[in-house]
Amino acid sequence: MKNVTSIFLNGEFLQAREAAISPFDRGFLFGDGVYEVIPVYGGRIFRLAGHLQRLEASLASIRLANPFDRSRWAAMLDRLADSAGEGTLYLQVTRGVAPRDHRFPDVEPTVFAYMQAADPEPGMQTASAITLPDWRWTRCDIKAVSLLANVLARDEAARQGGNEAIFVRDGLVTEGAASNIFLVDGGQVITSRQDQRILAGITRELLLELLRGEGIAVSERDIRAGELATAEEVWMTSSTKGVIPVVGIDGRPVAGGEPGPLFARAAGFYAEFVARFRAGEVE
Ligand code: PDD
């Protein structure tokens, strides 16, 4: 397990090779669980409160009691984060281990988390995307581990030489297979409205906050798929990649095929916020 520096599984801190889960775990049999992916910068867990709040919402939506309170989550994740200092935390809660039956069992949930140290190689700088029909269910606000549609979409994007798939439902852009989508039109930044069709991205929310703070006009509204073709800029956001410009969609360049001027500003605001977070100046 490349770069995995520490694991937490059901109360124990382990090395990757020591961790094992029953094949009867409902996460394995049904995809019956939820997860979070959280960056760690300079030993500090980024936007932890927002991630734990979204976890609580996901758990409540699938009627699974939260196994830990916030301070226990924070203590456990801090200990994992300390094992590398720089990288990504993954956490997952499933409904537990029981003989296969669709009905909920009366068992303890499985709690799994790990820290993955950052790769020394610089990450993705620009992305190219394809559009695909959004064939997922209608509760994409739940951060569920059942990601079959998302991984199929990413594979389709990769087969076509791209990095991301942008989902379109009923003629409207929802989100990426593992990202939220922004576009710039007439100098205004636009992103899809927050509802059950998309994940409430932590990076999306932070970027909107930073842009508004800088006096840049932002709008959360429906985006017609056709707007992708005429947009001045398209960006994608996620915890693992931050803000990335999408420079090509469906084989055509976005605007000039280069990152746009508003992207440069937005990425600057984001990088500055991360730098201040590292320095302990912001939460
Ligand atoms: N995915 N939409 C989807 C479908 C996602 O899977 C993600 C993130 C996002 C962006 O959310 P955030 O800014 O909170 O990371 C939007 C993570 C990184 C993943 O599955 O690896």
Side-chain angles (χ1 to χ4, degrees), residues 2-4 27 31 33-41 45-58 61 77 87-94 112-116 118-119 123-124 127 129-158 163-169 172-183 191-211 220 223 234-244 246 266-267 269-271 273-274 277:
K2 192 172 165 244
N3 296 349
V4 173
V34 297
Y35 76 106
E36 284 293 328
V37 178
I38 319 176
V40 175
Y41 298 118
I45 305 176
F46 197 55
R47 308 262 94 186
L48 179 62
H51 283 280
L52 292 182
Q53 194 177 3
R54 186 172 66 185
L55 176 68
E56 286 160 13
S58 293
S61 297
L77 294 171
T88 309
L89 286 164
Y90 176 88
L91 72 86
Q92 167 170 336
V93 184
T94 78
F112 168 55
Y114 68 87
M115 176 68 190
Q116 187 163 30
D119 225 311
M124 185 192 294
I130 60 167
T131 53
L132 282 180
D134 195 343
W135 48 36
R136 303 172 301 162
W137 67 339
T138 48
R139 288 304 307 276
C140 297
D141 57 317
I142 302 173
K143 201 159 173 59
V145 294
S146 27
L147 289 171
L148 188 54
N150 306 61
V151 298
L152 284 167
R154 263 291 175 86
D155 178 67
E156 187 56 38
N163 320 97
E164 181 58 308
I166 299 175
F167 285 128
V168 176
R169 192 191 290 266
L172 302 176
V173 171
T174 51
E175 62 182 339
S179 62
N180 291 111
I181 300 298
F182 285 68
L183 57 84
T191 194
S192 305
R193 71 173 87 250
Q194 184 57 64
D195 58 23
Q196 295 186 349
R197 293 173 299 181
I198 67 167
L199 186 74
I202 304 293
T203 321
R204 170 190 182 281
E205 197 55 44
L206 174 59
L207 189 63
L208 286 172
E209 225 175 273
L210 294 174
L211 291 167
E220 296 173 75
I223 298 174
V234 179
W235 317 333
M236 58 188 239
T237 62
S238 74
S239 292
T240 42
K241 302 195 171 61
V243 196
I244 300 271
V246 180
F269 303 145
Y270 193 81
F273 187 88
V274 170
F277 176 79

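It should be emphasised that the depicted structure is a prediction, and the values quoted were computed from it without experimental measurement. First listed ligand is number 1; within each ligand, the first listed atom is number 1.
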May I ask you to check if ligand 1 and Thr203 share an N or O to N or O distance below 3.5 Å?
->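 Indeed, backbone or side chain, Thr203 has an N or O that close.
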Enumerated ligand 1 atoms positioned under 4.0 Å from heavy atoms of [X]:
| X | value |
| --- | --- |
| Thr240 | 18 (C) |
| Thr237 | 10 (C) |
| Tyr35 | 6 (O), 19 (C), 20 (O) |
| Gly176 | 4 (C) |
| Ser239 | 12 (P), 13 (O), 14 (O), 15 (O) |
| Gly201 | 11 (O), 12 (P), 13 (O), 14 (O) |

Would a distance-only check, ignoring hydrogens and angles, find a side-chain to backbone donor-acceptor pair under 3.5 Å from Gln194 to Ile198?
->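 Judged by distance alone, yes, a pair lies under 3.5 Å.
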Closest to atom 3 (C) of ligand 1 (judged by heavy-atom distance), picking from Glu175, Lys143, Arg47 =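 Residue with the shortest heavy-atom distance to the ligand atom: Glu175.
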So, 4.0 Å and heavy atoms of [X]: is ligand 1 close enough to count as a contact?
| X | result |
| --- | --- |
| Ala177 | yes |
| Cys140 | no |
| Arg54 | yes |

For ligand 1, does Ala200 get within less than 4.0 Å through its side chain, its backbone, both, or neither, judged by non-hydrogen atoms?
->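 It is neither; nothing of Ala200 touches ligand 1.
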How does Ile202 reach ligand 1, by side chain, by backbone, by both or by neither, if only non-hydrogen atoms under 4.0 Å count?
->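 For Ile202, backbone and side-chain atoms both sit under 4.0 Å from ligand 1.
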Name the closest protein heavy atom to [atom], giving the residue it belongs to and the distance to 0.1 Å.
| atom | result |
| --- | --- |
| atom 21 (O) of ligand 1 | Val37 CG2, 3.7 Å |
| atom 10 (C) of ligand 1 | Asn180 OD1, 3.6 Å |
| atom 6 (O) of ligand 1 | Ala178 CA, 3.4 Å |

Could you grab the distance from atom [atom1] of [X] to atom [atom2] of [Y], nearest 0.5 Å is fine?
| X | Y | atom1 | atom2 | value |
| --- | --- | --- | --- | --- |
| Tyr90 | Met115 | OH | CE | 15.5 Å |
| Thr131 | Glu156 | OG1 | CD | 11.0 Å |
| Leu91 | Ile38 | CG | CD1 | 5.0 Å |

May I ask you to test the [X]-[Y] pair for a side-chain heavy-atom distance under 4.5 Å?
| X | Y | result |
| --- | --- | --- |
| Ile45 | Phe277 | no |
| Leu89 | Val40 | yes |
| Val168 | Leu132 | no |

Any salt bridge between Asp119 and Lys2, counting N to O under 4.0 Å?
->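 Salt bridge: yes.
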Does the pair Thr174 and Arg136 meet the rule for a side chain to side chain contact (heavy atoms under 4.5 Å, CB included), with working shown?
-> CA-CA 11 Å; Thr174 51; Arg136 303 172 301 162; 3.8 Å; yes
Exercise: do Glu175 and Ser192 side chains pair donor with acceptor under 3.5 Å =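 Checked: Glu175/Ser192 side chains show no N/O donor-acceptor pair below 3.5 Å.
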